[in-house]
Amino acid sequence: METKTEKIVLTGDRPTGKLHLGHYVGSIQNRIKLQDQYDQCFYMVADLQALTDNADNPEKVRTNVLEVALDNLALGLDPQKTTFFIQSQIPEIAELTVIFLNLVTLARLKRNPTVKDEMKQKGYGENVPVGFLAYPVSQAADILSCRSNLIPVGDDQLPVLEQVNEIVDKFNSNYGAVFSRVEPLLSQTPRLMGLDGKAKASKSLNNAIFFDDSDEVIKEKVMSMFTDTAHIHTSDPGKIVGNVVFNYLDTFDPDQLAVKKLKEEYQIGGLGDVVLKKRLIELLVNFIGPVRAKRRSLAQDPSVVISMLKEGTEKTRIITRETMKVVREAVKIKYF
Ligand code: TRP
């Protein structure tokens, strides 16, 4: 609690859908920890970034601004400790993006592994929206407009932060030492798998558990989890690697010694999937139950959440305006 230093934390989500357990493990857990360790923490709803691949669907983005805020609040991100804001309401981010765009080449953006993967997934090819291709540049502006340098993210975001640091270096070398390099903070917990055994839980693959899932839905989802196709009878030896139930137990079971024993038993043979699944259902119901209740109670009056976002946005702008003053001086575009 007392180890506060000069680090400034910033994190955010694209409001393209409700968040799920994968997000919790990947970065939300870290956000919640960091807000007790650092004085300055920001949480940004990245609505403009969401629009880069949803230009034709503004309603979806708008709806999900509230949803992602609710998810984070329900999980314990505290507006008293973390300043919440909405990306599109900070004009300085847009200004800074325009300046940063000159410091990045098309070739470099196309080479960014995260952008490349996402482009492939969406089947864009050469018809990629320029805003989408350039989202690492606007992400640099999100982060640097608040002068943040500690960024809790999932591992898929590492190449983006690497590019942010290149922008920092280029800016400083062209215009003088204004920004400091950023440091990613990764989860210590391995990535959460999809219910179907895919490497990643995701909304678009429909293989994730959400924070407003009912106990019944959680139960169904866990019962449907992929385990080991060769583990047919209880007496058959079972595999741990690629087994979704064990991946979740590794993450959510506080009794890791018991998990270790269950793994041994499972590998020898004699332990059925249902026993494990029942154990996991209880753990997840106990974890998600209170989060879901808090989420529902907050959702009763969205105007309270909207006011909180407005207040945080105003607070953030005090800082971003200050940053832009320094930037305008440095770039020599201050005339009056
Ligand atoms: N790109 C992030 C994601 O897809 C969201 C994001 C936007 C973000 N701006 C950010 C994360 C700044 C950390 C810092 O999840």
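Computation of the quantities below employed the complete heavy-atom set of this structure, encompassing side-chain atoms and omitting hydrogens, waters and symmetry-equivalent molecules. Owing to the predicted nature of the structure, the values given are computational and were not obtained by experimental measurement. Numbering of ligands and ligand atoms starts at 1, following listing order.
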*Is N247 reaching over with its side chain to a backbone N or O of M193, donor-acceptor style, under 3.5 angstrom?*
yes

Give every pair formed by an N or O atom of ligand 1 and a protein N or O atom closer than 3.5 Å, one pair per line with both atom names and the distance to 0.1 Å, or write none.
| residue | atom | partner | partner atom | Å |
| --- | --- | --- | --- | --- |
| ligand 1 | 1 (N) | Q49 | OE1 | 2.7 |
| ligand 1 | 1 (N) | Q139 | OE1 | 2.9 |
| ligand 1 | 1 (N) | Q157 | OE1 | 2.9 |
| ligand 1 | 4 (O) | R14 | NE | 3.2 |
| ligand 1 | 9 (N) | D142 | OD2 | 2.8 |

*Is it true that E166 and R111 make a salt bridge, defined as a side-chain N closer than 4.0 Å to a carboxylate O?*
no

_Is it the case that the side chain of R292 and the backbone of D213 share a donor-acceptor pair, with hydrogens and angles ignored and the cut-off at 3.5 Å?_
yes

*Does E67 pair with R295 as a salt bridge, N-O distance under 4.0 Å?*
yes

*Could you list the residues that satisfy salt bridge (Lys or Arg N to Asp or Glu O under 4.0 Å) with R321, not counting sequence neighbours?*
none

*Would you call E322-R147 a salt bridge at under 4.0 Å N-O?*
no

